[in-house]
**Q** 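One structure, pasted below without further comment.
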Amino acid sequence: MCFLTRTFCNSMMKFAIFLFFAALIPAKYASAQTCIIESLINEKVQAAVDSKVSSILTKAQLTCTSTSAPGADAFCPSGYLATGCACGMACGSWDIRADTACHCQCARIDWTAARCCKVAIVG
């Protein structure tokens with residue numbers, strides 16, 4: 001109940017309602033919202049990407065081969081990358097050079113082997 005003048009009470013009531021809505025409206029629009037059209041576009045794009053990726057991945061095939069050579073170096077065939085190496089004379093110290101060659105680091109190595117792989121799209 002308002003014991004002051006009626007005009008003052010009406011003004012205070014209007015101001016209180018204004019504050020109430022001023023607090024609620026920004027809170028509603030401040031939350032994360034997406035437009036329906038934006039959601040539909042995102043779904044269509046995602047479906048198209050999923051379809052293309054899925055069709056490509058079903059055609060992808062990992063192909064590997066091994067090569068060996070006398071000495072400290074073994075090279076992968078063109079298009080293949082070295083994934084692992086082995087060295088003769090119980091040498092366990094090797095590195096992959098330029099992504100395509102195995103190099104054994106021990107002295108007087110009699111042989112070096114390379115495991116070489118590539119991803120190919122089949123079909």
Side-chain angles (χ1 to χ4, degrees):
M1 300 286 213
C2 191
F3 298 110
L4 302 171
T5 65
R6 187 161 186 84
T7 312
F8 182 74
C9 286
N10 285 342
S11 296
M12 290 304 288
M13 182 73 77
K14 289 177 184 176
F15 184 70
I17 291 171
F18 169 77
L19 285 178
F20 178 73
F21 284 113
L24 286 181
I25 291 174
K28 179 183 185 303
Y29 291 105
S31 64
Q33 294 181 2
T34 54
C35 178
I36 293 172
I37 293 174
E38 183 179 353
S39 295
L40 292 173
I41 291 171
N42 286 342
E43 287 176 21
K44 291 288 187 184
V45 169
Q46 189 63 47
V49 168
D50 290 345
S51 172
K52 291 293 183 190
V53 169
S54 177
S55 68
I56 290 172
L57 286 179
T58 58
K59 297 176 183 177
Q61 180 180 359
L62 182 65
T63 306
C64 298
T65 186
S66 294
T67 63
S68 63
D73 297 298
F75 298 92
C76 291
S78 178
Y80 285 80
L81 298 176
T83 58
C85 306
C87 305
M89 301 175 69
C91 176
S93 183
W94 52 266
D95 62 272
I96 296 175
R97 296 187 174 177
D99 294 330
T100 60
C102 285
H103 173 76
C104 291
Q105 299 173 352
C106 299
R108 296 180 304 279
I109 293 297
D110 55 348
W111 61 267
T112 302
R115 186 67 175 163
C116 309
C117 299
K118 71 176 179 178
V119 175
I121 305 299
V122 180

**Q** More than 12 heavy atoms of other residues, nucleotides or ligands under 6.0 Å from CG of Leu62: is that the case?
**A** yes
**Q** So, for Cys104 and Ala86, which heavy atoms are closest and what is the spacing to 0.1 Å?
**A** SG-O, 3.9 Å
**Q** When you measure from the side chain of Thr67 to the backbone N and O of Phe75, does any donor-acceptor pair fall under 3.5 Å?
**A** yes
**Q** Would you compute the distance between atom CH2 of Trp94 and atom NE2 of His103 and round it to the nearest 0.5 angstrom?
**A** 12.5 Å
**Q** With respect to Cys117, which candidate in Thr65, Thr63, Leu81, Thr83 satisfies the side-chain contact (heavy atoms from CB on, under 4.5 Å) definition?
**A** Thr83
**Q** Taking all atoms of both residues into account, what is the closest heavy-atom pair of Ala60 and Val119, and its distance?
**A** CB-CG1, 4.3 Å
**Q** Compare every heavy atom of Cys85 with every heavy atom of Ile96, then report the nearest pair and how far apart it is.
**A** CG1-SG, 3.8 Å
**Q** If you compare all heavy atoms of Met89 against all heavy atoms of Ile109, which two are closest, and at what distance to 0.1 Å?
**A** SD-CA, 3.9 Å
**Q** List the atom of Cys91, the atom of Cys87, and the distance in Å for their closest heavy-atom pair.
**A** O-CB, 3.3 Å
**Q** Please answer whether the main-chain N or O of Ala69 pairs with a side-chain N or O of Thr112 as donor and acceptor at a distance below 3.5 Å.
**A** no
